[in-house]
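All residue numbers in this chain count up from 1 along the given sequence. Atoms within each ligand, like the ligands themselves, are counted from 1 in listed order. Reckoned from all heavy atoms, side chains included, excluding hydrogens, waters and symmetry mates.
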Amino acid sequence: MTETAARIIDGKAVAAAVRAEVAARTATLGYRPGLAVVLVGDDPASAIYVRNKDRAANAVGIAARTIPLPASVAEAELLAVIARLNADASVDGILVQLPLPPQVRARAVIEAIDPAKDVDGFHPINVGRLHEGVATLVPCTPLGVMKLLAAAGVSLRGARALVLGRSSIVGKPMAALLTAADATVTVAHSRTRDLPAECRRAEVLVAAVGRAELVRGDWIANDATVIDVGINRLADGRLVGDVAYDEAAAVAGAITPVPGGVGPMTIACLLENTLRAAAARRSRPG
Ligand code: GUN
């Protein structure tokens, strides 16, 4: 299938605009916001993500540094690193790349991060604020999806939205943001009965399950907006999303490509969160 009815939502272009805005605002601050990225172990994918975050941050005037720790690190040692970063006035944002090795409880680490420096928005205080509709640091990938929907001119008020996936990193915060934007939100997952039928009802579909090309063209309503958060590598080396792109593009009204859709937005939003954390922390009295 080669016909493409859908408008392509260009994540690279929207991300470039966000980065340019962050760079411009950072240049007016009079200081460089600091970002500390903690990388545990030597998972190649995590190493690439972290290198990209570090580079993108430095390119917009954020002083980013990566703190590499061995895969064998003890939880107490990692918690001591976090405590040091919490106390370091030059550090505005702290990000611990996930996943963590089994001897370290990710939850304990996330809860040890100062919520004011939690640029991933994973701390329960920030999660709670998001669900209460209070302004806070919001997880980068769902925040990026909201910016893509805005850039594409998608109206969310009263719209039927389906979030496919219920992870803490994407699905749950995504549902909260769409709800706050007045969409009528359904969260579907691996135990959902008749997933294709649920998807077909959606005017806005956000797929974030990490299963290559799970969502087929005939699961998608005519003219729906399809946001594909998945990045899956096939045995032949190709990168594909959670949506069968060519099939979906023939029916959808608008769709994000993989790569070049949501991916670039995650890092751009991390930079924006770091700027936001810096501005909020450094304007606080005392
Ligand atoms: N691993 C996969 N996605 C993410 C993310 O958004 N933040 C962090 N810290 N780790 C991740």
Side-chain angles (χ1 to χ4, degrees), residues 11 15 18 34-57 62 64-69 71 73 75 78-79 81-82 85-86 91-102 104-115 117-127 130 136-148 163 165-177 206-211 227-233 239 241-242 258-259 261-274 276-277:
V18 171
L35 172 65
V37 181
V38 180
L39 172 63
V40 180
D42 35 39
D43 174 63
S46 287
I48 291 170
Y49 290 140
V50 162
R51 194 181 60 206
N52 289 341
K53 289 171 183 180
D54 191 299
R55 278 189 189 158
I62 291 169
R65 62 190 145 106
T66 297
I67 299 155
L69 295 169
V73 72
E75 183 179 294
L78 179 48
L79 292 176
V81 170
I82 303 289
L85 295 171
N86 283 343
V91 173
D92 296 288
I94 302 170
L95 181 150
V96 179
Q97 187 65 25
L98 304 176
L100 291 168
V104 177
R105 291 169 303 156
R107 185 113 308 269
V109 173
I110 288 166
E111 292 186 12
I113 296 172
D114 178 349
K117 297 188 177 188
D118 170 35
V119 286
D120 260 330
F122 293 166
H123 191 287
I125 293 255
N126 289 321
V127 175
L130 169 61
T136 190
L137 292 165
V138 171
C140 304
T141 300
L143 182 58
V145 171
M146 295 305 285
K147 287 183 190 293
L148 287 179
V163 178
R166 54 178 160 180
S167 69
S168 301
I169 293 182
V170 184
K172 286 186 183 121
M174 189 76 251
L177 287 167
V206 180
V209 276
R211 300 225 352 232
I227 305 287
D228 191 350
V229 179
I231 303 182
N232 312 286
R233 195 171 288 282
L239 275 185
D242 293 348
V258 175
V262 175
M265 294 303 294
T266 298
I267 290 186
C269 290
L270 169 67
L271 308 180
E272 192 178 89
N273 276 353
T274 304
R276 175 193 264 265

Legend entry - Listed partners of Asp120 passing side chain to side chain contact (heavy atoms under 4.5 Å, CB included), at least two apart: Leu95, Asp118, Phe122, Cys140
Inset, instruction - Return the minimal non-hydrogen interatomic distance between Ala64 and Ala57, and the atom names on each side. - result: CB-CB, 3.6 Å
Legend entry - Non-neighbouring partners of Arg233 that pass salt bridge (charged side-chain N to carboxylate O under 4.0 Å, His left out), sequence neighbours left out: none
N/O donor to acceptor pairs below 3.5 angstrom from side-chain atoms of residues 40-51, sequence neighbours left out:
unit_1	atom_1	unit_2	atom_2	d
Asp43	OD2	Ser46	N	2.9
Asp43	OD2	Ser46	OG	3.1

Inset, instruction - Decide, yes or no, whether a salt bridge links Glu272 with Arg276 under the criterion of side-chain N to carboxylate O below 4.0 Å. - result: no
Identify all N/O pairs between ligand 1 and the protein with a separation under 3.5 Å and present them as a table of atom names and distances.
unit_1	atom_1	unit_2	atom_2	d
ligand 1	1 (N)	Gln97	NE2	3.3
ligand 1	1 (N)	Leu98	O	3.0
ligand 1	7 (N)	Asp120	OD1	3.2
ligand 1	7 (N)	Asp120	OD2	3.3
ligand 1	9 (N)	Val96	O	2.8
ligand 1	9 (N)	Asp120	OD2	2.6
ligand 1	10 (N)	Leu98	N	3.0

Legend entry - Intermediate values then yes/no, side chain to side chain contact (heavy atoms under 4.5 Å, CB included), Val119 and Ile94: CA-CA 6 Å; Val119 286; Ile94 302 170; 5.8 Å; no
